[in-house]
Structures are given as structure tokens and as C-alpha cells.
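Dumping the structure here so I can ask a few things about it.
These figures come from a predicted structure and were not determined experimentally. Reminder, nothing fancy here: chain letters follow the sequence lines and each chain counts from 1.
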2 protein chains.
Amino acid sequence: MEPVSTDHVTALRRFNRYFTRRIGALDDHYLGQDRPLGEARLLFEIGDGASLRELRGRLGLDAGYLSRMAKTLQAQGMVRMSVHPDDNRLRRVELTPDGRTEVTEQNRRAGALAAGLLESLAPAQRTELTAALATVQRLLRLAAISVDLVDGAAPDARACLDAYAADIDARFPEGFDTSDLVRPEEVSGARGAFFVAYEEGRPVGCGALRRLRPGIGEIRHVWVHPDARRLGLARRILTALETEAAARGFVALRLDTHATLTEAQAMYRACGYREIDPYVDHVYGDFWFEKRLTP
Amino acid sequence: MEPVSTDHVTALRRFNRYFTRRIGALDDHYLGQDRPLGEARLLFEIGDGASLRELRGRLGLDAGYLSRMAKTLQAQGMVRMSVHPDDNRLRRVELTPDGRTEVTEQNRRAGALAAGLLESLAPAQRTELTAALATVQRLLRLAAISVDLVDGAAPDARACLDAYAADIDARFPEGFDTSDLVRPEEVSGARGAFFVAYEEGRPVGCGALRRLRPGIGEIRHVWVHPDARRLGLARRILTALETEAAARGFVALRLDTHATLTEAQAMYRACGYREIDPYVDHVYGDFWFEKRLTP
DNA sequence: ATATTTCTTTGACCTTAGTCAAAGGATGCC
DNA sequence: GGCATCCTTTGACTAAGGTCAAAGAAATAT
């Protein structure tokens, strides 16, 4: 990991300072008209109805505090509360028409504030701003994702593999048979490795490393959740796998990809993988790659 | 003014939402260790000493509230308070060595948080992020600046002209004589126009329009404060002047620039001005431009 | 010199935001 | 069926953040 230059740190801090001071008001504060911030946020978060439990998780509030706020909003006629149909312990909260009106109004104000801000920019500058915002957001998201080594049998690992299987089953014309997935023991402990990428606690990607033969590792099942694509996460997973492989003494890594996964092929090429002859008979392999590792 | 597309508004709001939730903590929250946010901010804002009055303005706090917070910090040995040398009504607040230590520590933590965030990005991505942050900040600053028509004799107008004169006096090899400045009455009311650009209430640029002869206006003294350069503000001032000129029925605008102001020449060319022969004898004029206005 | 304004301090008061623990009903697990 | 767990409600409490008005001292305007 390269040390972070102070210039970058300063730039980020300066931006943060400026942004929170100038724009931080945009969504939150005083858009909730005569309403305390907490209540305004709660109202907004309810959306098309939610259970108190969900809201507690999403907003990170104390149960008692939330219960009281919900009661206040109910007394004001903004929300309706009912017992959750599936579980009588849970309370379901929904917006009343009045509540919906207020949320809409809140949104309208936030939108008007944003529009007012953009108004004095020329059209080309607005486009430039939007593009730069997207870049910042993409990179901040990527920075917030951690790629962790987990046991191949861990629930998160299996959940990622299931999602991976479902994903490519839909993309491969011939479908995908889950028996082709790595077995947990192949990618655990001394035999292999499994990485899961987490964004705010949720698994959003994975990648597996297993031993193909002495000195040669194989990369399998590099997958990124649809919500986390186009961030550059696959590359990070790949880097984690390569670092792990090098640490384990592998001198080369191989992998195969399916003909339909053209982006994947491009990424592997860009990351230094070169096409080779098939190294094993594999149902879904159309392209075969290898990269020599420099320790 | 073109209407603002909802895409741009949505992008800005989404970014704002994400940013405040993920990064908003960076400078403020829980960096003030065991200290309430308000106190931490106050401590930070004191810097190399300030009067309570300044702090009140900068932080937007109630006088009573601020007074009490300052007293608390004083009791904790973080600040020292004294009567302001120039005005016995004012209180001057300074950091004690302990206070300075805490601010430094606060800074260190914020820096560490920012560095931790950047750490998982590849060096090229850090550079990309920094560039995108600069773009966002530049455009947001530009968007926050208003360009207002003011009287040519207004104090802000004169202040800008003084700054302009001092600025180019330092840049022109032959210096600059203030008698060359427009007189207030030339750029006021029906005879001409004067625009001042304001950023957060402070004048940061100006531009003047006067009548050269029937149907022909002259642009003079387009100036941008050093702190507000490279934002694209000069163009905005120019646009404001052109719009005003068109509204006043001018069919063409002329101006001259000094040989040393190469950026200005480039800007005028890019904005549709074409070089012409000198239209009047003018000491500091090396290049002469004209633009036909389309009403 | 007098009146007005400015700046700070103090007392009284309020809302918001949040914590903690006890209790009661509902569910899941064995 | 019994026990542990989960979810919500309620009461009691606290700190933070802030408002308002009165009052006194100092400066400025007239």
C-alpha cells in the first residue's frame, strides 16, 4: 500500500470543509420546515412504508427514541401505525396522505435549492459538474469498500457464490450448473483463499483462489454485485487475489472466462493476463489466461 | 438562463446525500474527542486568535451561547481571554498551549481519517479523485457567486477598482495611473453599467460598461480577485456585461487590453471578440477587440 | 455632553437528541 | 409446553444546543 500524499489528504479535507459548509444544508436542515431534523429524516425514510425495526437499523436510532418519534408523528397525523402482517411483534409505519404531502414538499424544496445552485452555471458547466460528482462518488464508494479474506464456507462467501451463479446462469446461453462452483474446502485455509468485498457491511463482490497444481494458482468466481459495478471493484478483488497468491508462493495464476463476459476478458488483459491454451477441460471456458507473478 | 435539467438536480442531490452520510463526519464529529461539537468547532475557529464578535459572525452563534462556551473553554484552560486592544468592548480569545495541542490533535485525527479513506485507492485513483474534487469545488464556488449590477459610485465598486488598479500597477512594467479608471458617473444609470461579483457577501470581481459612441459600448476594468481566479468568473462577468449592453441597444462592444495580459486576450478571443484597429488613443492599449452583439 | 448603538455577560428557559432499564407481548426453538 | 429471544413501549434521566431579555460597559454619532 503506497503512503497517501498529504496533498491528497489536504485536498479531500478542504473539499469536505467547503462542501459541508456550503451545501450540507441541501437535503437535511431546514427543509424539514418547522420539524426537528430527526423527525424529518424519519418521515423521509419511511417511504412506501417500513417496520420500526427496519427504520431503527437504517437510521441507527435507539428503540425508545424511535418509538416516541413515531408516536409524535402519528399524533400529528403524518403517519399511520399498524401491526405487521407477518409478525405481530413488529409495527408497520406508513405515511398518511398528509405525511406524503409533506415528504413531497420536502423533496420539492431540496430540488429547488439544488436547481437554484446550478442555475447560474452554463449548460456545459452543469454537465462538467455532474460528471465530476459522479467521479468523486464512484471513487469514494470504491475507497469505502474493503476486500476481506474469509473462510470459503462462511455464509457471506456462499451468498456471493449463489448470487454469482444466478447472475451468470442468466447470462450464459447454456445456463450455469452450480456443481461447477468451487467447494468451500478448496478455497479455505492452506488450500486456497476466498475474498469478499464489503460495502457498509454488505457483501458486494467476491473472488476465489485455488491451487491448480504446484506453483500454479487458479482464480475463479470473480464477481461484483450489480449495484457495485463500474467502480473498479473487480480489479481490487483481483489485486487482493494476486497479492495473496504471491504470498503463498504461487509463480503464476490462471483463469478461464466465458465468451459472453467480454468486459471480464478486457479487464484481465488490462491487468497483465495473457491468453494461453486451455489448461484443463472446463465446460464454461472459452478463453484461457495466465499471468506470471513477480514476487 | 436555461432551465436546469432534472438529471443534474438529481445527481447533485444524490451526491449530497451520499457525501454527507459517508464523509460528513470527517472534519467535525467525534474528532472533538470528548468535547461537544460546538466547543470543538469554536476551538478550531479561533486559530491564531479572534474576537468574540468575529467568531459569532463566522459560526453564526447567539451572543449568550458563545459567551458561555468561551467561558467553559477558558475554565478548561483551552483558551485565554483578554480585552481587545483596539476596542474595550470586544473580547479577544486566544488558544493556550493546551488549546493549541488539542487543535493539532483534532487536525491530526481528521487527516488520519482522510488518509485512511484514500489508502485503499490506487495512486492513479487518488489523483483522479483529487482532480474531480477540484472540479466540483471550482464549479460550486462559481455557482455561488452572483454578478450584480451596482452603482458606479458604490463603495464595493470603488473597492474593486482600487484593487484592480493596484493589481495591474504591479503587473504593467510602466505601472498604472489611476486617472485612467472610469469615473463613477460614466458607468452609472443611463450612461453605463458596473457589475460587482459577490462570493458569500464579499466583492471578488468587477466589470464596467460605458458608452463609447452611439450604438457602441466599451468594456473596461474586468477584474477578478486573486482568490477567485481560474473559476471562469471573468467569463460570467463578461456575459453579464454583454447582456446588459444588448439590453441597452448597443450593437457592438469594444475593448482594449495590455500586452502583458495574455490570458485576458485569450479569453476575449474565445468569447467571440475579434482584433481590430485602435479605436481611440489609449495609453495602456496594446490589443484592440470588437464583438458584434446579436440582439 | 448626551443619546444611541455596540458588545458582552448573565439568568431563565426551552427543545432536540439521545441513553438506559424495566416490562409486556409475540415468536422461535427444542 | 417451556424457555430464550425479539420487538416495542414506557418512565426516568441527561447533555447539547440554543433563544430571549435585561443590564452594564464602552464606543460613536449628533
Side-chain angles (χ1 to χ4, degrees), chain A residues 20-21 24-25 28-46 49-76 78-94 102 106, chain B residues 20-21 24-25 27-46 49-76 78-94 106:
Chain A
T20 46
R21 190 168 51 80
D28 272 349
H29 253 315
Y30 71 82
L31 292 173
Q33 357 208 48
D34 294 327
R35 195 175 288 295
L37 188 54
E39 274 176 33
R41 270 210 284 252
L42 175 54
L43 210 51
F44 189 85
E45 200 67 31
I46 290 169
S51 67
L52 283 182
R53 183 167 177 277
E54 277 177 279
L55 294 168
R56 193 147 49 85
R58 287 216 292 265
L59 294 165
L61 297 174
D62 173 81
Y65 185 31
L66 176 61
S67 172
R68 242 179 290 259
M69 272 207 292
K71 213 168 77 174
T72 309
L73 288 174
Q74 191 182 23
Q76 293 173 351
M78 295 290 133
V79 305
R80 197 184 303 117
M81 289 178 71
S82 54
V83 172
H84 200 282
D86 301 343
D87 184 338
N88 286 337
R89 290 171 303 181
L90 273 66
R91 288 288 170 285
R92 182 168 175 73
V93 195
E94 282 167 307
E102 186 167 324
Q106 203 174 314
Chain B
T20 46
R21 189 167 53 80
D27 267 322
D28 274 348
H29 252 315
Y30 70 83
L31 292 172
Q33 1 210 49
D34 293 328
R35 193 175 289 294
L37 187 54
E39 276 176 34
R41 270 209 284 250
L42 175 54
L43 210 52
F44 190 85
E45 201 67 31
I46 291 168
S51 67
L52 283 183
R53 183 167 176 276
E54 278 177 278
L55 293 168
R56 193 147 47 84
R58 287 217 290 264
L59 294 165
L61 297 175
D62 173 81
Y65 186 31
L66 176 61
S67 172
R68 242 178 290 257
M69 272 206 293
K71 213 168 77 176
T72 309
L73 288 174
Q74 191 181 22
Q76 294 172 350
M78 296 289 133
V79 305
R80 197 185 303 116
M81 289 179 72
S82 54
V83 172
H84 200 281
D86 301 342
D87 185 337
N88 286 336
R89 290 172 302 181
L90 272 67
R91 289 285 170 288
R92 182 167 175 74
V93 196
E94 282 167 307
Q106 203 173 314

**Request:** Write down the distance between CG (A:L42) and P (C:dT16), rounded to a whole number of angstrom.
**Result:**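 The distance from CG of A:L42 to P of C:dT16 comes to 14 Å, rounded to the nearest Å.
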**Message:** Expressed as a whole number of angstroms, how long is the span from A:D62:CG to D:dA12:C1'?
**Reply:**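 Between C1' of D:dA12 and CG of A:D62: 13 Å.
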**Request:** Starting from C1' on D:dC6, measure out to CG on A:L52 and report it in whole angstrom.
**Result:** 13 Å
**Request:** Using the test side chain to side chain donor-acceptor pair (under 3.5 Å), find all partners of A:R89 that sit at least two apart in sequence or belong to another chain.
**Result:**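 A:R89 satisfies side chain to side chain donor-acceptor pair (under 3.5 Å) with A:D87 only.
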**Item:** side chain to side chain donor-acceptor pair (under 3.5 Å) partners of B:Q74, counting only residues at least two apart
**Value:** none
**Asked** With sequence neighbours left out, what residues match A:R91 under side-chain contact (heavy atoms from CB on, under 4.5 Å)?
**Response** A:L52, A:M81, A:V83
**Note, B:R53 side chain near B:H84 side chain (heavy atom, < 4.5 Å)** = no
**Complete:** In numerical order, the residues of residues 63-71 of chain A whose heavy atoms come under 4.0 Å of DNA chain C are A:Y65, A:R68
**Request:** Please state how far atom NE2 in A:H84 lies from atom C1' in D:dC6, giving the value in whole angstrom units.
**Result:**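 Between C1' of D:dC6 and NE2 of A:H84: 14 Å.
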**Message:** Based on the rotation axes of five pairs at each end, what angle does the helix from C:dA1-D:dT30 to C:dC30-D:dG1 bend through, to 10°?
**Reply:** 30°
**Request:** Summarise protein proximity over nucleotides 25-30 of chain D in one line of letters, 5' to 3': B for base, S for sugar-phosphate only, - for none, counting protein heavy atoms closer than 4.0 Å.
**Result:** -BS---
**Prompt:** Partners of B:D62 by side chain to side chain donor-acceptor pair (under 3.5 Å), sequence neighbours excluded?
**Reply:**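 Partners of B:D62 under the side chain to side chain donor-acceptor pair (under 3.5 Å) test: none.
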**pair B:E39-B:L73: side-chain heavy atoms closer than 4.5 Å** =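 The answer is yes; the side chains approach within 4.5 Å.
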**Prompt:** Taking atom CE of A:M78 and atom CG of A:L42, what is their separation to the nearest 0.5 Å?
**Reply:** 12.5 Å
**Message:** In this structure, how many angstroms lie between the P atom of D:dA16 and the CG atom of A:L37, rounded?
**Reply:**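 Atom CG in A:L37 sits about 18 Å away from atom P in D:dA16.
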**Message:** Testing the 3.5 Å rule here: is there a donor-acceptor pair between the side chains of A:R35 and A:Q76?
**Reply:**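 The criterion, which ignores hydrogens and geometry beyond distance, is satisfied for A:Q76 and A:R35.
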**Prompt:** Please give, in whole Å, the distance from C:dA26 C1' to A:R91 CZ?
**Reply:**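 Interatomic distance, CZ of A:R91 to C1' of C:dA26: 10 Å.
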**Request:** Apply side chain to side chain donor-acceptor pair (under 3.5 Å) to B:E94 and list each qualifying residue two or more places apart in sequence or on a separate chain.
**Result:** none
**Prompt:** Which residues satisfy the side-chain contact (heavy atoms from CB on, under 4.5 Å) test with A:E54, sequence neighbours excluded?
**Reply:**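 A:E54 satisfies side-chain contact (heavy atoms from CB on, under 4.5 Å) with A:A50, A:S51, A:R58 once adjacent residues are dropped.
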**Message:** From CG of B:L61 over to P of C:dT9, roughly how many Å is that when rounded to an integer?
**Reply:** 14 Å
**Item:** Partners passing side-chain contact (heavy atoms from CB on, under 4.5 Å) against A:S67 (at least two apart in sequence or in another chain)
**Value:** none
**Asked** Could you give the CG-to-C1' distance, from A:L90 to C:dG25, as a whole number of Å?
**Response**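 It is 13 Å, rounded to the nearest whole Å.
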